[in-house]
Amino acid sequence: MSQKPSIPKGTRDFSPAEVARRNYITGIIRGQFERFGFQPIETPSFEQYDTLMGKYGEEGDRLIFKILNSGDFVKNLEPADLAAPDAQKWTPQLCEKALRYDLTVPFARYVVMHQNEIDFPFKRYQIQPVWRADRPQRGRFREFWQCDADVVGAGGIVQELELVQLYDRVFYELDLKGVTIKINHRKILSGIAEVIGAGEQLVDFTVALDKLDKIGREKVEAEMLQKGIPQAAVAKAAPLFELGGAAQGQLDQLKELLKDSKTGMEGLAELEELFTESSKLGLKASACQLQITLARGLNYYTGVILEVAAPESISMGSIGGGGRYDDLTGIFGLQGLSGVGISFGLDRIYLVLEQLGLFPDQLDQNLDVFCINFGPAEARDALRLVMGLRDRGLRADLYPEAAKLQKQFKYADKRGAPYVVLIGEEELANGTFIVKNMEEGSQQTYKREDWVVFARSLQT
RNA sequence: GUGGUUGUAGCUCAGCUGGUUAGAGCGCUGGAUUGUGGUUCCAGAGGUCGCCGGUUCGAACCCGGUCUUCCACCCCA
């Protein structure tokens with residue numbers, strides 16, 4: 001009895017063409033990460049249960065994949081526990097490990113564990129899969145790849161400035177135009193909540209505000225009231241709903257609103273510097289936008305918040321995000337280290353590039369030369385030529401058996417080989433080989449000793 | 001986690017108010033073309049109709065469950 005195979009919901013197989021495309025994206029990201037001075041690390045796919053739990057809020061805890069203990073995993077439970085089903089309560093006793101939920105918390109853990117061997121400021125990048133027990137949708141998977149670059153142990157807005165440049169350079173190199181980098185500041189949001197009198201409900205306030213573009217002002221106000229934010233506070237927030245346009249204009253209006261909030265003014269000063277310096281440096285492919293409603297992202301952000309939106313023509317959630325978190329490592333006992341970082345969502349960037357047709361055609365070509373097999377004696381000679389080409393760095397292959405020519409040519413065509421080499425009975429006797437240009441259909445005969453001439457013609 | 005949606009050949013999809021032998025295009029295999037692919041022509045193979053159960057004389061079609069896909073919330077890359 002054979003069973004019909006399947007893979008878990010929200011996971012995917014990647015075929016050769018897809019891997020080539022994913023490698024194209026990660027190659028560009030990795031290249032830019034390294035140019036910007038980041039160093040790679042890797043961490044385990046699963047961490048201790050306690051390392052991850054409680055770091056992403058209540059919703060995050062629910063979305064963490066827990067790993068059931070091996071062996072007699074119920075031995076820690078009391079008979080009374082078994083009588084009263086309560087998954088919430090049992091989980092910590094049944095699970096000592098959980099799958100990585102993002103790359104930031106494992107990085108914080110890494111920094112604390114390796115603090116004595118790290119030279120600060122430490123700039124690290126990490127490209128690895130993460131797992132979330134979310135309900136899948138387009139661009140939302142249970143297993144997906146993040147490409148993170150973070151700096152730990154460095155304050156000052158210059159890091160944020162660099163990260164904006166890093167985003168821009170990657171999108172420029174991917175030829176992805178029209179990306180918007182949305183920027184906000186946690187301290188501004190705190191300041192606003194403070195001055196309008198909703199300081200206690202900062203999270204509820206920002207979560208509701210974040211939905212402005214999507215559900216409109218009235219529904220946002222309704223949600224705020226429903227969450228228990230006073231009517232007077234909501235009324236005071238009115239100017240926010242009208243904000244828009246150039247960053248400087250928004251900043252000037254916010255200065256008026258936040259003049260009595262020290263925290264708020266700090267945030268404004270930082271954003272002002274970021275926007276001023278950013279416009280001096282310039283951007284090649286993307287645009288920065290101050291979006292005061294931006295609140296998404298993890299709770300631990302304390303400074304600048306970044307989120308990257310795909311070009312407007314594409315319906316897709318954010319393709320990247322990031323920000324600054326003071327005291328990144330505090331939860332693991334190392335106080336006073338500030339961290340700032342960004343993330344690229346590989347899988348969503350893939351979908352965007354695919355939809356816009358931005359993958360280079362070249363990615364489909366995985367062979368430079370394909371050699372036809374005419375029989376044992378001819379194949380021996382062909383293999384010698386193939387090995388010579390391989391030694392020169394060319395991708396060359398030989399058909400494994402003397403199948404019908406039609407079959408071998410069809411195979412070469414599908415493999416995308418631009419050149420096919422033929423060494424048949426006649427060429428074997430003559431000491432020659434034929435090169436067929438598959439695109440043009442033309443053929444050229446070379447003397448065997450001139451194979452390097454042929455190889456060089458492919459390498460220019 | 002809540003509500004909805006989808007599933008028919010390798011792929012994209014038809015398939016009438018339930019009716020007996022489930023179709024097309026593309027792809028695949030073979031041939032026209034025993035030293036030439038991408039064009040053309042001819043022939044052929046390929047489906048437990050996602051899975052399990054129910055209703056019915058009879059189910060791809062109706063009902064329930066389950067898995068999967070996608071969508072809206074929630075949240076996020």
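What you see below is based on every heavy atom in this structure, not just the backbone, and it leaves out hydrogens, waters and symmetry mates. We name chains A, B, ... by the order of the sequence lines, and we start the count at 1 in each one.
- Counting only heavy atoms from C-beta on, L405(A) has its side chain closest to U36(B) among G1(B), C71(B), U36(B).
- The base-pairing partner of G25(B), taking Watson-Crick or G-U wobble contacts with both distances under 3.5 Å, is C11(B).
- Base pairing analysis places C62(B) opposite G54(B); the two distances defining the Watson-Crick or G-U wobble pair are each below 3.5 Å.
- Using a cutoff of 4.0 Å between basic side-chain nitrogens and carboxylate oxygens, R217(A) and E221(A) are scored as salt-bridged.
- For K214(A) and C73(B), the shortest distance from a side-chain N or O to OP1 or OP2 is below 4.0 Å.
- Along RNA chain B, the nucleotide nearest V308(A) and the nucleotide nearest R135(A) are compared for position; the residue whose nucleotide lies closer to the 5' end is R135(A).
- Between U29(B) and U69(B), the two C1' atoms lie 32 Å apart (nearest whole Å).
- Within the nucleic acid shown, E58(A) has no heavy atom closer than 4.0 Å to any nucleic acid atom.
- Checked against the 6.0 Å centroid threshold, Y399(A) and F409(A) do not count as a close aromatic pair.
- The side chain of S318(A) sits closest to A77(B) out of C75(B), A77(B), C71(B).
- When the C1' atom is used for both U20(B) and U5(B), the distance is 32 Å, rounded to whole Å.
- In this pair, W145(A) does not lay its aromatic ring on the base of A77(B); centres under 5.5 Å and planes under 30 degrees do not both hold.
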Quick one: do D364(A) and R21(A) satisfy salt bridge (charged side-chain N to carboxylate O under 4.0 Å, His left out)? Show the steps, please. CA-CA 9 Å; D364(A) 295 325; R21(A) 281 154 203 236; 2.9 Å; yes
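- The pairing partner recorded for U33(B) is none, the criterion being a Watson-Crick or G-U wobble arrangement whose two distances lie under 3.5 angstrom.
- At a threshold of 4.0 Å, the pair K55(A)-D50(A) does not count as salt-bridged, since none of the basic side-chain nitrogens sits closer than that to a carboxylate oxygen.
- As judged by a 4.0 angstrom heavy-atom cut-off over every strand, G416(A) is placed among residues making no nucleic acid contact.
- Contact annotation for G139(A): base contact, defined as any heavy-atom pair under 4.0 Å involving a base atom.
- In terms of polar N and O atoms assigned as donor or acceptor, the side chain of K436(A) comes within less than 3.5 Å of the base of G37(B) in a complementary pairing.
- Ring geometry for F359(A) versus Y24(A): interplanar angle over 60°, hence perpendicular rather than tilted (30 to 60°).
- F38(A) has its ring centre no less than 6.0 Å from the ring centre of Y125(A).
- You won't find any donor-acceptor pair under 3.5 Å spanning the side chain of D413(A) and the base of G38(B), going by distance alone.
- Within the nucleic acid shown, V207(A) comes within 4.0 Å of sugar-phosphate atoms alone, with no base atom in reach, counting heavy atoms only.
- C70(B) and A9(B): their C1' atoms are spaced 23 Å apart (whole Å).
- Distance check on atom C1': G38(B) versus G50(B) gives 36 Å, rounded to whole Å.
- Comparing the P positions of A77(B) and G3(B) gives a spacing of 26 Å, expressed to the nearest Å.
- As judged by a 4.0 angstrom heavy-atom cut-off over every strand, K407(A) is placed among residues making no nucleic acid contact.
- At a cut-off of 3.5 angstrom, counting only N and O atoms as typed in the model, there is a donor on one side and an acceptor on the other between the side-chain of Q443(A) and the base of U36(B).
- G317(A) comes within 4.0 angstrom of nothing in the nucleic acid, heavy atoms only.
- Checked for salt-bridge contact, D347(A) and R140(A) miss the test: no charged N lies under 4.0 Å from a carboxylate O.
- Atom P of C63(B) sits at a distance of 28 Å from the matching atom of C73(B), rounded to the whole Å.
- Proximity of the aromatic rings of F65(A) and F46(A) is defined here by a centroid distance below 6.0 angstrom, and this criterion is not met.
- For G19(B) and U56(B), the C1' atoms lie 12 Å apart once the distance is rounded to whole Å.
- The pair D381(A)-R384(A) meets the salt-bridge criterion, with a side-chain N (NZ, NE, NH1 or NH2) lying under 4.0 Å from an Asp/Glu carboxylate O.
- The residue R138(A) sits close only to the backbone: its heavy atoms come under 4.0 Å of sugar-phosphate atoms, none of a base.
- Proximity of K9(A) to the phosphate of U68(B): a side-chain N or O atom is located under 4.0 Å from OP1 or OP2.
- Rounded to the nearest Å, the gap between the C1' atom of G15(B) and that of A60(B) is 8 Å.
- The ring of F14(A) has its center closer than 6.0 angstrom to the ring center of W145(A).
- Counting non-hydrogen atoms under 4.0 angstrom, E426(A) reaches a base of the nucleic acid.
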How would you summarise protein contacts on nucleotides 39-53 of chain B per nucleotide, using B for base, S for sugar-phosphate only and - for none, with heavy-atom distances below 4.0 Å? -----------S---
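- Applying the 4.0 Å criterion to OP1 and OP2 of C74(B), one finds that K211(A) has a side-chain N or O inside that range.
- Within 4.0 Å (heavy atoms only), I372(A) reaches no atom of the nucleic acid at all.
- Heavy atoms of G60(A) sit nowhere under 4.0 angstrom from any nucleic acid atom.
- Contact check, Q137(A) against A72(B): a side-chain N or O comes under 4.0 Å of OP1 or OP2.
- Note on F141(A): a base of the nucleic acid sits closer than 4.0 angstrom, heavy atoms only.
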